[in-house]
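Below, each value reflects all heavy atoms present in this structure, side chains not excepted, and no hydrogens, waters or symmetry copies.
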Amino acid sequence: ELINQAHAEGIQVHAWIVTYLVYSGASGSSNPAHVMNVHPEYLSKNYAGSTLISDSYYLLDPGCPGANEWNDRVVMDLVTNYDIDGIHMDYIRYLGRDTGYNDTAIARFNAETGRTGLPANDDAEFMAWRRRQITDWLRRTYVNIMAVKPGMDVSVAAIGRRTDAYDYYFQEWQNWGPMKIIDSNCIMGYTTSQATFESRVDEALTYRGSRFQHQGIGSYLITKEASVAQLLYARNAGCDGLLIYSYAEPDDGTDPDATVWAYFTSQVFPQAVPVPSMPWKTSPTEGFLKGKVTDSVSGLPVDHALVTCGSQTAWTDGDGSYAFTGITPGTVTVTVQKSGYSDAVDNTISITAGNVTTKDFTLVAGGSNEIIIDNIWAAFTGSWSTGTSSTDKYSTDYRYKGLGTGTAWARFTPTITTGGTYEVYEWHPQGTNRTTAAEHKITHAGGTATVTVDQTINGGTWNLLGTWSFNSGT
């Protein structure tokens, strides 16, 4: 009924979802049907092992595949069964660094990195891994929504201070617009400082990409006059829309609510305007791809398989799913790789503008004795940069570092299904500014061998380091 009445008045209805936060209150929910009671194994934990986060909250863990599937079902139920115009995802983030220690999540992280135990909450590799869990789920869910309702406006609530969002909540919203995995980025610019507000608006707009950026204000913190100053600045700076938080508390209590809303109307919103169209939906020029990767024998999903589509790469989740956005229409080649499996390749996949193509893959375990470990699978210690300019690189990019002291290194860890004697090769993009003695240490069944490589020559090909015996395992 709400949807029908709103649409009759020309008002859109967007469903608000508290994505990962599922309960506020130390006691937890007493409802036996609540997700925290039906599936306690989905809950996030802190380093100490408690599911109660910051003394007040319970949340689903983005690194737990079951938790992500639960959220996906909630979203798709709304999208499929209700005539809503948009989905707004709030709390699409961790609740701080001391979260993400769900048992399944840590097991997956350790399996991917070759590590053991619990990482520190400020461990750089673990921080990056947690960011990827959020972004990957959002990408897959966006494409799932597009397959059902391509005109849907998918929006997110973004932490106003970008560096806090990235470093503490693992919400890399700065990349979501350019990655085309959202339609509207709603920035929560809640501050009493006009100067701080303006600087954050200006910074956020540089990450808009080709999607909408709507600026929110914390009206409950400030007077109606201060709110208008922030709203007008955001509009004049080029934001696509304005958000007022909150309807219940439109100012800091200085004036009656009716007075505040009347002032906003006269100063900022003197007339009604139609909701702007989204040109990437009304006149699409790109398509989408999604699917699942499973084991050919067991039929079980394959976690952390690398899927490549043109210049884009994506990892499968624990349920084997992957997704891509922003694909130029035509026939594309997709490759799926996972250590211990033969590569799966399909060069006949057709992409059409505005549509979602579905392509599932099965991987054959042990079908090849060749194991390729690209830099995206490696673990890095120290500060490394990512390069793409060298034409003789392997795959889509490479990592590089200037001259150091030897404390920075990259670790490539294979999973060997069958123990035996293997030839070991390396690949590098050559250049006159490269080292003539890049040190490679190979740990094998008999110990450790060290080989140096002149990276000024022989680039763009596999170079033999030697032959050694290796035991099965990682």
Side-chain angles (χ1 to χ4, degrees), residues 110 112-116 119 123-129 132 304 306 308 310-313 315 333 335 337-343 345 368-474:
N110 285 338
E112 292 178 21
T113 60
R115 296 170 57 170
T116 58
D123 181 285
E125 196 170 21
F126 188 43
M127 291 167 68
W129 189 85
R132 203 187 81 228
H304 198 58
L306 177 67
T308 302
S311 62
Q312 296 191 62
T313 58
W315 297 102
T333 297
T335 303
Q337 298 170 295
K338 172 75 174 182
S339 181
Y341 290 88
S342 296
D343 293 355
V345 181
S368 173
N369 287 328
E370 182 180 82
I371 302 171
I372 298 177
I373 313 167
D374 198 5
N375 56 276
I376 53 177
W377 286 306
F380 291 86
T381 296
S383 177
W384 294 72
S385 300
T386 300
T388 58
S389 59
S390 292
T391 57
D392 58 349
K393 61 184 177 293
Y394 182 84
S395 190
T396 58
D397 61 21
Y398 53 93
R399 303 292 286 274
Y400 66 92
K401 190 183 189 318
L403 181 66
T405 61
T407 57
W409 45 263
R411 182 179 67 234
F412 297 82
T413 306
T415 298
I416 300 172
T417 304
T418 304
T421 301
Y422 287 82
E423 294 177 329
V424 178
Y425 294 78
E426 68 83 42
W427 180 303
H428 64 269
Q430 73 180 45
T432 57
N433 62 342
R434 308 292 200 259
T435 179
T436 59
E439 186 176 276
H440 294 65
K441 291 186 176 181
I442 300 91
T443 302
H444 52 87
T448 301
T450 300
V451 181
T452 58
V453 174
D454 183 350
Q455 294 185 342
T456 65
I457 59 175
N458 299 326
T461 188
W462 292 110
N463 298 289
L464 180 64
L465 300 178
T467 303
W468 294 274
S469 294
F470 294 88
N471 298 322
S472 61
T474 300

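- Two residues are said to be in side-chain contact when any heavy atoms from C-beta on lie closer than 4.5 Å; Y422 and I442 fail this criterion.
- In this structure R434 satisfies the salt bridge (Lys or Arg N to Asp or Glu O under 4.0 Å) test with no other residue, sequence neighbours excluded.
- Shown here are the side-chain contact (heavy atoms from CB on, under 4.5 Å) partners of S469, two or more places apart in sequence or in another chain: T421, A445.
- One distance of note links CG of N375 with OH of Y400; it measures 12.5 Å at 0.5 Å rounding.
- Scored by the ring-ring contact (aromatic ring centres under 6.0 Å, His included) test, Y394 finds W427, W462 as partners (sequence neighbours excluded).
- Separation of atoms CZ (F380) and NZ (K401) is listed at 12.0 Å; rounding is to 0.5 Å.
- With sequence neighbours excluded, the residues that form a salt bridge (Lys or Arg N to Asp or Glu O under 4.0 Å) with D123 are R115.
- Residues N463 and T461 are in side-chain contact: their nearest non-hydrogen atoms beyond the backbone lie under 4.5 Å apart.
- To the nearest 0.5 Å, the span separating CH2 on W409 from OG1 on T381 amounts to 3.0 Å.
- For the ring-ring contact (aromatic ring centres under 6.0 Å, His included) test, residues two or more places apart in sequence or in another chain that qualify with W315 are H304, W377.
- A donor-acceptor pair under 3.5 Å is formed between the side chain of T435 and the backbone N or O of A437.
- Among residues at least two apart or in separate chains, side chain to side chain donor-acceptor pair (under 3.5 Å) pairs with a member in residues 444-455 are D454-T456.
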